[in-house]
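Here's the structure we're looking at; comments come further down.
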Amino acid sequence: MWNIRAELDDLRSSDLERRVRALSHVHGVEGRLDGRRVLIFCSNDYLGLADDPEVTSAFLAGARSYGVGSGASHLVSGHRPVHDELAGALADWLRRDRVLLFSTGYMANQGVISTLVGSGDVVHEDRLNHASLLDGGLLARGRMRRYPHADMAALGAALQRPARRHLVATDGVFSMDGDLAPVAEIGTLARRHGAAVLVDDAHGLGVLGREGRGVLDQAGLGQDDVPLLVGTLGKAFGTFGAFVAGPDDWIELLQQRARSHIYTTAPPPALAAATLTSLERVRADDWRRQHLIDLIRRFRLGADKLGLRLMPSSTPIQPLLVGESADALRASAALEERGILVTAIRPPTVPAGTARLRITLSAAHEQTQVDRLLAALDDIRPLLQGGGRHARNNITCERADTTPEP
Ligand SMILES: *Cc1c(COP(=O)(O)O)cnc(C)c1O
């Protein structure tokens, strides 16, 4: 029987119902929600490029040149010279042979993993990987194995088990926690066992490394160590879309076979034009990254003084663990009453019992705005104490995870 109402009621009664909120009048980190002005502390627009005037102009000029829609998939008639220009500029920036564009990061991960991991192959994934990497593993013809978060002993052991081929797939910066994957150790293990590696650096690109080249640049790893680098354009780039960068042959195979690249309309060419301008800013504007580092330091110092339990993150993702979903919703609502928008993140996005306020900082924030955030957190401190019950064991080690093993 299709008892849809009962399923919806279950979601509501377990505090897992999602609600879409329409934010209006958004400019940079400010917006309006239900008539109230709010400061946004939960966007992924880390460099403040989403409404940058230059990027916006490039988008408008692109629309005038190319219209709005591409009209077809890349392999039919949707591909334009500006798509090639963007792919070339991304490859040049990341010092990789070649780049293949995807419409979204979700589709890039699904396409790459399901194309490469064939029958007899195994993809090894960190338990806290983004849903798109996990879903790619579920879709693949080979098997998916999940290792405890950042547990290199477990990964090493798993790589010793027989398989036709091994792929290790990991977030570069964990999207809900803000910590970095041990990419150097993963690279070493992969080399020892003849495995390939995919790093999805959705939250590191633009933010970390020289010219914002991400966690791999920061760790001194190149294409020979990690053949597959997935990046998304909707975060630090402030636009939309995604790509995979790597060796010629690998990218060629993905272009030939990745279904989420082939069977979908090519992104609007004007977006590619906007992203080209955004890439210039990403590469050149070290001041945005420096300002972000200053804001992160200010936030962590202030939160520490308030006795708030921070997670071990050096990135703009600075979550405060609350624990139960209902408590996280209450804390989020209390912040909203004080003009601060931080959406509560609940299972299944994060493991059960680790609901949180995923605070994110942006180069578009000012120091005084971070101070306002801290003052609001101080105000609602009693609502954040729940974190004490759960935080200790759940931060860097494995968590109780309700997501079933496939
Ligand atoms: C946001 C995100 C994605 C999805 O990217 P979209 O372009 O938004 O679909 C993929 N991987 C990670 C780690 C992400 O955080």
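Index from 1, following the sequence. What's counted below: heavy atoms across the whole structure, side chains too, no hydrogens, waters or symmetry copies. When a ligand or atom number is given, it counts from 1 through the structure's own listing order. Given the structure is predicted, the values throughout are model-derived calculations rather than measurements.
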Element-labelled atoms of ligand 1 that are located less than 4.0 Å from some non-hydrogen atom of [X]:
X      : answer
Tyr106 : 4 (C), 5 (O), 6 (P), 9 (O)
Asp171 : 13 (C)
Ser175 : 15 (O)
Ser132 : 10 (C), 11 (N)
Gly105 : 4 (C), 5 (O), 6 (P), 7 (O), 9 (O)
Thr104 : 7 (O), 9 (O)

What residue and atom, counting heavy atoms only, is the protein's closest point to atom 11 (N) of ligand 1, and at what distance?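 Answer for atom 11 (N) of ligand 1: Asp200 OD2, 2.5 Å.
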
Heavy-atom distances under 4.0 Å are what count here, so tell me which part of Lys235 touches ligand 1: side chain, backbone, both or neither.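 It is the side chain that touches ligand 1; the backbone stays farther off.
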
Given the rule in the ring-ring contact (aromatic ring centres under 6.0 Å, His included) test, do His365 and Phe41 qualify, once you have shown the distances and angles that lead to the verdict? CA-CA 9 Å; His365 285 125; Phe41 276 101; 4.0 Å; yes

Check: [Y] main-chain N/O paired with [X] side-chain donor or acceptor under 3.5 Å:
X      : Y      : value
Asp45  : Ala50  : yes
Arg98  : Ile251 : no
Thr264 : His261 : no

Identify all side-chain donor-acceptor contacts of residues 29-36 below 3.5 Å with residues at least two apart in sequence or on another chain.
from, atom 1, to, atom 2, distance (Å)
Glu30, OE2, Arg37, NH2, 3.4
Asp34, OD2, Arg21, NH2, 2.9

Taking both backbone and side-chain atoms of Thr232, is any N or O found less than 3.5 Å from an N or O belonging to ligand 1?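 Thr232 vs ligand 1: no N/O contact under 3.5 Å.
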
Close N or O approach (His203, ligand 1; < 3.5 Å):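 Looking only at distances, the answer is yes, because the N/O contact criterion of under 3.5 Å is met.
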
Atom pair OH (Tyr106) and CG (Leu133), whose distance is rounded to the nearest 0.5 Å: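 That separation rounds to 10.5 Å.
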
What ring-ring contact (aromatic ring centres under 6.0 Å, His included) pairs are there with at least one residue in residues 311-361, not counting sequence neighbours?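 ring-ring contact (aromatic ring centres under 6.0 Å, His included) check on residues 311-361 returns no pairs.
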
